[in-house]
Amino acid sequence: MMAGDGTLALAALLLHATAFLVLAIAAPLRRLGRPAAYVSILCAAGSLAAAVLSWRAHTGEAISRLVWTWLPSEGQTLATVGVLADADSTVMLTLVALVALLVQVYSLGYLSDERAPSLGRYYAYQSLFAFSMMGLVLAPNFVQLFICWELVGLCSYLLIGFWYERPAAARAALKAFWITKTGDVGLLIGIVLIWRHTGTFDLTEMRVLAGNGAIPLAGLSVMTFCIYLGAVGKSAQFPLHIWLPDAMEGPTPVSALIHAATMVTAGVYLLHRTDWLFALTPDVLAIVVWVGAFTALLSAVLACVQNDIKRVLAYSTISQLSYMMAAIGAGFSGAGFLHLLTHGVFKALLFLGAGAIIHAVHSNDLPDMGRLARRMPQTAIVFTVGALSLAGLPLFAGFLSKEEILGAVLAGGFAAPFAMLVLVAFLTAFYMFRVVFLAFFAAPPAGHAGAAAASGAPHVADASHHASHGAAAHEPHEPPSSMLLPLWVLALLSVATGVFFTVVHPEPEFESPAWLMPVGVGSAVAGILLAWATYQRRAIDAASLAAAFGPIYRGALARFWIDAVFERAYRLALLGFSRLVGWIDRYLVDGVLNVLSAWTVQAGDDLRTMQTGRVQDYVYGIAVGLLVLLLWVQFN
């Protein structure tokens, strides 16, 4: 390929870096707010154009590398920096650029009441976030990948805690930071071990070695498992999934960006990018598929009992990421990557749609909503499109990719995980259409007249933010055009993608039985019907349905006590260790120093008594000293 093709990908990356640097250096511009937003949006639009052109130039087997020596070592290059552009990296680059642009446009309306300096800071963080993810996607080696990996984590911390004056937001940002860092330690260890094992950080060189059978297998499972730990943290796999629901304390557009195209997708992308390495360790792949299936089921159950609309979507993201992981673990990473791309479109749509609802009713709680389709018909349409895509019905974006994952897990010989994922498909349709019916079509429960602005109990950061900026009780209404436009773009893409895949139907990597599609679609339809009968038709009592699953329901309300276990471990381990260190510092380190200083002070007091101020005492002292000196000379 020509170098120019790599240059297009590099341009997409550097445009976001330019926006960040301009906003970071030009403090007066950043403090103006909306002008800073326009700079960021303009660079994001240019980045999307460059990403699309690069994607078009890298169809099929086309690959281009544009790298520079970064860490020379003894006449050879230890690491490079640059871009590795191919079909997978450029299509992922396009997804990141698209979602970043739409989120930034949407934020103009969603954060219209934000103070100018804070808005400028927000867009600076957004630009850095997109740059970091693009750098990760295009990384030619593990060194650049890890640096951008950590930058992605930093940006998620900054944006989740954007409203840092709220204690809940600050705690959520710290929780996300430290939980993901637990996995990052494993990733760093794995990268170093693989470098020692292969002698290179370069992904292309490493892939050639793997293809030639030149990578020693001894100890390789430990290395790939360490890399997988990094993906477990970033992509919220059990047991490190607990940070993602709390990350909803950030602004909703941030949630859309994190869930659709950046932070949480990084782990899945890492495993897909190194699938040729994991193929050498089937024992680790088996762990990936089992953990993925279990996490998908666990998070789907948790999503069914949430009343916060954003937390439903958060647990949904965990479940869908786990779907992708299961396909990668079954040995068909292409199926997982396809779902990553389609999921990025409709999950951004769902989060931004949820943001439109919160913007209108000033609450995240489903009981505070109801019959919004009458007042917000456009939002109702686009959100339902996102829900149908997530449920995986034909003609919508998630249909083919969901079927591909089910077929991949079945073809890989994992019958039990396959059954778990079919159940997840049923639960996904159920909890998503529970949201659709409760928010848009069903009457609100008795005692919930509509907006939390009237009830005075906004639940999380978004609702509190809107309520604190003059959100008086009023009729819910459609959001401004800056918010509606991204919603319609994503909705049309979800339908267009679904229709395209239904008509074209790309050739899968495996043979699927004829009954697989009816089972997948049937499970989704059954979930929708149960949600309709329970929350719209009211033919089934929701309380009775919950009581039928007594222990499971009670456990789900308590998040199965997983968060409590982490909190207990934090108190016992980290806080206990800090108390031990504090005791050592206070009583051993400070104690020794205090004793030495006391002795010094006492010695000074004793020596001070020798200074009497009388001349005869000093004459006596000199005489005694002279006598001692003469005796010493005499006997030596």
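Side chains are part of it too, since the values below use all heavy atoms of this structure and drop only hydrogens, waters and symmetry mates.
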Keeping the roles fixed (side chain from [X], backbone from [Y]), state whether a donor-acceptor pair exists under 3.5 Å.
X	Y	answer
T281	D283	no
S89	L84	yes
Y323	I405	no
Q306	L302	yes
H58	S54	yes
W276	R273	yes
S333	I328	no
S47	C43	no
Y431	A300	no
S235	V264	yes

Are L277 and I194 close enough, and set up right, to give a side chain to side chain contact (heavy atoms under 4.5 Å, CB included), and what steps lead you there? CA-CA 10 Å; L277 187 62; I194 287 178; 3.5 Å; yes

Short side-chain donor-acceptor distance under 3.5 Å, [Y] and [X]:
X	Y	answer
S322	Q237	yes
H339	Q320	yes
T342	S401	yes

Could you check if a side-chain atom of [X] sits within less than 4.5 angstrom of a side-chain atom of [Y], using non-hydrogen atoms only?
X	Y	result
S255	M248	yes
F131	F20	no
L240	F566	yes
T80	W68	no
L187	F146	yes
L93	W55	no
K310	H259	no
D563	K175	yes

Which one of [options] satisfies the side-chain contact (heavy atoms from CB on, under 4.5 Å) criterion with [X]?
X	options	answer
T274	F142, Y228, Y269	F142
F225	I227, V222, L229	L229
P486	L102, L101, L349	L102

Distance in Å, [X] [atom1] paired with [Y] [atom2], rounded so as to fall on 0.5 Å steps:
X	Y	atom1	atom2	answer
T262	L257	OG1	CG	4.0 Å
T497	F399	OG1	CZ	14.0 Å
L174	Y157	CG	OH	5.0 Å
L138	L10	CG	CG	8.5 Å
H241	Y315	NE2	OH	6.0 Å
T265	I258	OG1	CD1	10.5 Å

What closest approach, in Å, do [X] and [Y] show between heavy atoms, and which atom pair accounts for it?
X	Y	value
A279	L285	CA-CD1, 4.1 Å
A348	V99	CB-CG1, 4.3 Å
P417	A293	CB-CB, 3.7 Å
F510	A411	CB-CB, 3.8 Å
A524	A429	O-CB, 3.1 Å
A397	F346	CB-CD2, 3.9 Å

Can you check side chain to side chain contact (heavy atoms under 4.5 Å, CB included) on V268 and F337, steps first, answer last? CA-CA 8 Å; V268 175; F337 185 61; over 6 Å; no

Counting only heavy atoms from other residues, nucleotides and ligands, does the tally under 6.0 Å from [atom1] of [X] exceed 12?
X	atom1	result
W561	CH2	yes
F278	CZ	yes
R207	CZ	no

State whether R65 and D86 are salt-bridged, where the test is any N-O pair (Lys NZ or Arg NE/NH1/NH2 against Asp/Glu carboxylate O) under 4.0 Å. no

Taking D184 first and then K234, would you say they form a salt bridge - that is, a charged N and a carboxylate O separated by under 4.0 Å? yes

Tell me whether the guanidinium CZ or amine NZ of K181 lies under 6.0 angstrom from the six-membered ring centre of F177 and within 45° of its axis. yes

Report the C-alpha distance between K347 and S316 in whole Å, list the side-chain angles of each, state the deciding distance to 0.1 Å, and finish with yes or no for side-chain hydrogen bond (donor to acceptor under 3.5 Å, both in side chains). CA-CA 9 Å; K347 184 51 63 73; S316 166; 3.2 Å; yes

Before you tell me yes or no, could you show the steps for S494 and F396 under side chain to side chain contact (heavy atoms under 4.5 Å, CB included), namely the whole-Å CA-CA distance, both residues' side-chain angles and the distance that decides it to 0.1 Å? CA-CA 6 Å; S494 296; F396 294 92; 5.7 Å; no

Start with the C-alpha gap between M325 and T295, add the side-chain angles, then the distance that decides, and say whether side chain to side chain contact (heavy atoms under 4.5 Å, CB included) holds. CA-CA 10 Å; M325 287 290 194; T295 308; over 6 Å; no

